[in-house]
Amino acid sequence: LSWAGAPRLACIGFPHLALLLALRSHPELAKEAVLVGTSGKQERPVVLAASRAAVAMGASPGQDWRQSELSCPEAVRLVADPMEVARLRQEVRSALYDCSPLVEWTDDTIAYLDLGGRDPNWPAESARAAQLGRVVQQVLLVPPSIGVGQSRFVAFAAAKVAGPGRVRLVPSGRAAEFLADWPVGDLPLPPKTRERLFSFGLSSCGDCISVPLPDLQRQLGPDGLLLHRLCLGLDPASISPWREPPPCGVRRVLAGVVEDTESLRFGGPELASRLAARLVQAGRAAGRLRLLLLDEDAAGGAVVAGQPGVFWDEISPPSAVATAEELLAPILSLLSRARCRVLVIELQALDLVDPPATQALLWPGGNARREEIKQSVARLHDRFGAELVWRVSVKAGHPGDIPAERLAWSPG
Amino acid sequence: LEIDGGGDLTSLAFALRKLDRRYGKSVVRVGAETARTGSPTGIEALDSIIPGGGLPLGRLSWLSGAMGAGAFDLSLVLLARSSRSSPVAVVDFDKALDPGDIEDYGGDLDSCWVVRPRHPEEGWAAARSLARAGVEFCLMLAREWRPVGRAAPAALVAATEERNSVVLLGGGLLVPQEIGGRVGIELSCQRLGWTMAHQDVSGLRLRLQVERSHLGPPGQSCQLDIDFPRMYRLRAGIAVAGVQRDGVRVRSDQEEPLLAEALG
């Protein structure tokens with residue numbers, strides 16, 4: 001087995017970005033039990049990050065806010081600022097992309113990089129990993145933990161072993177040796193499989209590797225093969241690099257310069273529908289909208305904020321917007337603030353996120369409940385015939401009082 | 001009081017605050033603050049006698065009464081009131097309902113689904129489906145309740161509980177056991193007489209009594225006047241010659257002698 005062409009991956013671990021920002025604002029809480037959660041304005045509030053002290057008391061990220069109150073009543077609770085977190089995330093990503101062309105951002109606590117190839121500035125892998133740590137520390141202001149290995153899991157395990165401010169390198173071909181003491185309970189395997197391994201008396205990767213592969217497969221099925229590969233540091237998972245989504249916006253060039261910006265408001269619905277179409281095409285929703293109004297001098301070149309002839313304004317709706325109806329209000333709000341000469345209107349959707357989960361049935365006329373009832377009636381008609389459920393309406397005019405004359409009956 | 005080692009109200013308040021914080025506001029309540037479990041009908045006299053302040057949510061209610069006692073009219077009034085704010089359904093087992101009455105009582109026919117089943121099982125199945133789909137008030141009208149299997153009322157109650165809706169059985173003096181066992185409250189109607197205006201019948205006066213209730217003590221009663229809503233063009237056979245009939249509604253042939261009696 002040759003390890004010459006084996007990939008080299010780095011795993012960088014750091015505290016949750018929301019927790020870092022919260023502790024920057026409240027340095028006095030550095031050693032305290034701190035929970036940072038979502039605001040709960042749009043969805044159920046959950047814990048995003050917990051400090052070490054809070055974790056030791058029983059709280060954990062992902063818990064419901066109420067649940068965390070029960071498990072850790074003494075913890076200080078702070079609400080994360082999603083915009084600040086997004087800004088810091090963007091800074092870290094940019095810094096990491098300076099070090100490697102392939103960066104995967106799994107959540108706000110771990111990132112993976114491809115360290116394959118050579119960097120003329122840092123020819124040694126250890127120097128390159130150390131540089132990586134310095135770069136991240138400059139942005140986050142806390143030392144990260146870095147692990148480098150031949151596979152994703154090995155790098156992750158190395159980062160866990162290394163601890164904050166340290167780098168652990170696992171040379172290619174030495175992964176099995178490194179993982180020999182790694183507990184089975186921390187392997188990315190289904191809980192049932194882990195329980196079976198415990199019941200067999202296999203508690204570490206070293207124990208598992210001593211069992212022949214056919215026996216593992218016979219007992220555990222496909223998980224046996226995965227276990228074997230994990231213990232050898234041959235897990236097949238690769239890096240899914242994060243890419244900046246393409247810009248999403250609309251640009252309209254007017255027939256002539258408009259000085260009365262009030263009249264621009266009439267173009268709001270069209271801008272909203274065009275931008276909504278773009279967002280639908282991209283399958284995204286906008287967390288922030290930016291409006292640029294350019295006069296005839298600024299229309300030709302590159303645009304920066306504060307440039308003469310450029311009106312630049314942004315708005316962040318309370319929740320991410322995706323449809324024309326949702327976009328219209330913020331767009332009109334932006335247009336109403338503008339006081340300038342306008343030749344070009346540019347509307348950009350920023351902070352693109354997955355569209356909020358909306359119930360499709362809400363969009364047809366009426367309300368969702370009526371649509372649900374109509375579907376239920378349709379099912380009843382399929383089952384019992386079309387003469388079971390009726391809608392009744394009073395005929396127009398003065399049809400008389402006899403029901404047959406007065407009322408119009410229609411199935412369902 | 002002993003939880004915190006104190007013996008005064010301060011420690012009680014402290015303990016309550018602690019419980020509130022740990023388990024939520026709803027865990028300890030003062031007796032008078034118990035949540036309403038009923039859907040208010042908007043008729044004060046009626047709401048005041050029903051435990052819970054309205055027709056119980058998630059249970060069957062039964063408005064019982066003999067023919068002409070007013071149960072049918074009162075049921076329609078309640079349905080019409082509910083239809084103004086939410087989708088409703090009426091299961092007309094006897095196919096005797098004129099849906100125009102709902103309109104006449106101020107209801108919204110656009111929010112109303114009328115079920116006319118050929119067999120009782122169809123009616124119960126339709127009620128269950130509609131309740132599960134989000135109909136908030138389901139009225140089931142019958143002069144006589146025919147037996148259905150145990151499963152149908154149980155399934156309807158389950159759907160009603162799931163969506164917290166109201167199901168009202170209107171009419172009849174007896175219900176089969178499998179339905180009666182599921183009834184949360186029974187209100188009996190007894191007609192006291194007609195209300196008069198301009199020497200003519202303008203409505204119906206009835207007494208309502210809580211016969212049984214799973215939510216509170218029975219025995220409470222009240223009187224209600226139901227105004228007939230609009231002019232009714234009399235059918236052949238029940239017309240009373242020489243009587244000004246503006247605003248009078250006559251519902252059935254059986255009522256005519258009483259009407260004539262009332263009018264002298």
Side-chain angles (χ1 to χ4, degrees), chain A residues 44-45 57-58 64-77 359 361-362 364-412, chain B residues 18-27 83 86-92 95-104 107-119 121-136 138 159 163 165 229-236 249:
Chain A
R44 195 179 58 166
M57 288 180 185
D64 187 68
W65 206 239
R66 169 72 70 186
Q67 203 179 354
S68 73
E69 280 178 10
L70 294 177
S71 58
C72 187
E74 292 84 7
V76 178
R77 285 166 178 73
Q359 191 179 351
L361 287 174
L362 286 172
N367 58 33
R369 201 166 36 169
R370 282 174 184 268
E371 294 304 315
E372 209 176 330
I373 293 169
K374 283 179 189 171
Q375 288 178 3
S376 170
V377 169
R379 284 195 294 272
L380 284 169
H381 282 173
D382 285 345
R383 198 169 148 202
F384 298 113
E387 295 188 346
L388 179 64
V389 187
W390 297 88
R391 301 302 302 273
V392 185
S393 58
V394 179
K395 288 179 184 170
H398 303 281
D401 286 338
I402 301 171
E405 291 178 353
R406 185 185 174 206
L407 302 172
W409 295 71
S410 58
Chain B
K18 214 166 162 185
L19 285 170
D20 277 352
R21 203 171 52 196
R22 264 184 95 172
Y23 301 110
K25 290 275 181 201
S26 59
V27 70
S83 70
S86 55
V88 299
V90 51
V91 184
D92 181 17
K95 298 186 182 173
L97 171 70
D98 171 7
D101 290 352
I102 300 168
E103 174 95 1
D104 297 341
D108 179 10
L109 277 180
D110 286 342
S111 300
C112 185
W113 278 263
V114 180
V115 182
R116 309 185 91 179
R118 286 165 296 186
H119 309 290
E121 289 78 11
E122 283 184 13
W124 286 88
R128 185 192 63 210
S129 297
L130 292 171
R132 186 154 283 155
V135 162
E136 287 198 3
C138 185
R163 299 300 292 250
S165 54
R230 60 184 276 280
M231 177 182 172
Y232 185 79
R233 192 171 294 164
L234 289 174
R235 294 174 191 155
R249 304 294 307 272

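Everything quoted here is computed from the prediction, not taken from an experiment. Throughout, protein chains are lettered first and strands after them, A, B, ... in sequence-line order, and every chain is numbered starting at 1. No hydrogens, no waters, no symmetry mates; every other heavy atom, side chains included, goes into these values.
- For chain A, no part of Ala89(B) is nearby; none of its heavy atoms comes within less than 4.5 Å.
- Between the CG atom in Leu109(B) and the CZ atom in Arg391(A) there is a gap of 9.0 Å [rounded to 0.5 Å].
- The minimum heavy-atom distance between Leu407(A) and Pro99(B), with the atom names listed, is CD1-CD, 3.7 Å.
- Glu372(A) has its side chain out of reach of Arg132(B): every pair of non-hydrogen atoms, C-beta onward, lies at least 4.5 Å apart.
- Side-chain atoms of Ser376(A) never come within 3.5 Å of backbone atoms of Ala133(B) as a donor-acceptor pair (strictly under, hydrogens ignored).
- Two residues are said to be in side-chain contact when any heavy atoms from C-beta on lie closer than 4.5 Å; Pro117(B) and Leu388(A) meet this criterion.
- In this structure the side chain of Val389(A) never reaches within 4.5 angstrom of the side chain of Val114(B), judged on heavy atoms.
- Within the 4.5 Å cutoff, the side chain of Val115(B) has no heavy atoms near those of the Trp390(A) side chain.
- Considering only heavy atoms from C-beta on, Arg116(B) comes within 4.5 Å of Trp409(A) through its side chain.
- Arg383(A) places no side-chain N or O within donor-acceptor distance of the main-chain N or O of Ala125(B), the cut-off being under 3.5 Å.
- The CD1 atom of Ile373(A) sits 11.5 Å away from atom OG of Ser129(B), with the distance rounded to the nearest 0.5 Å.
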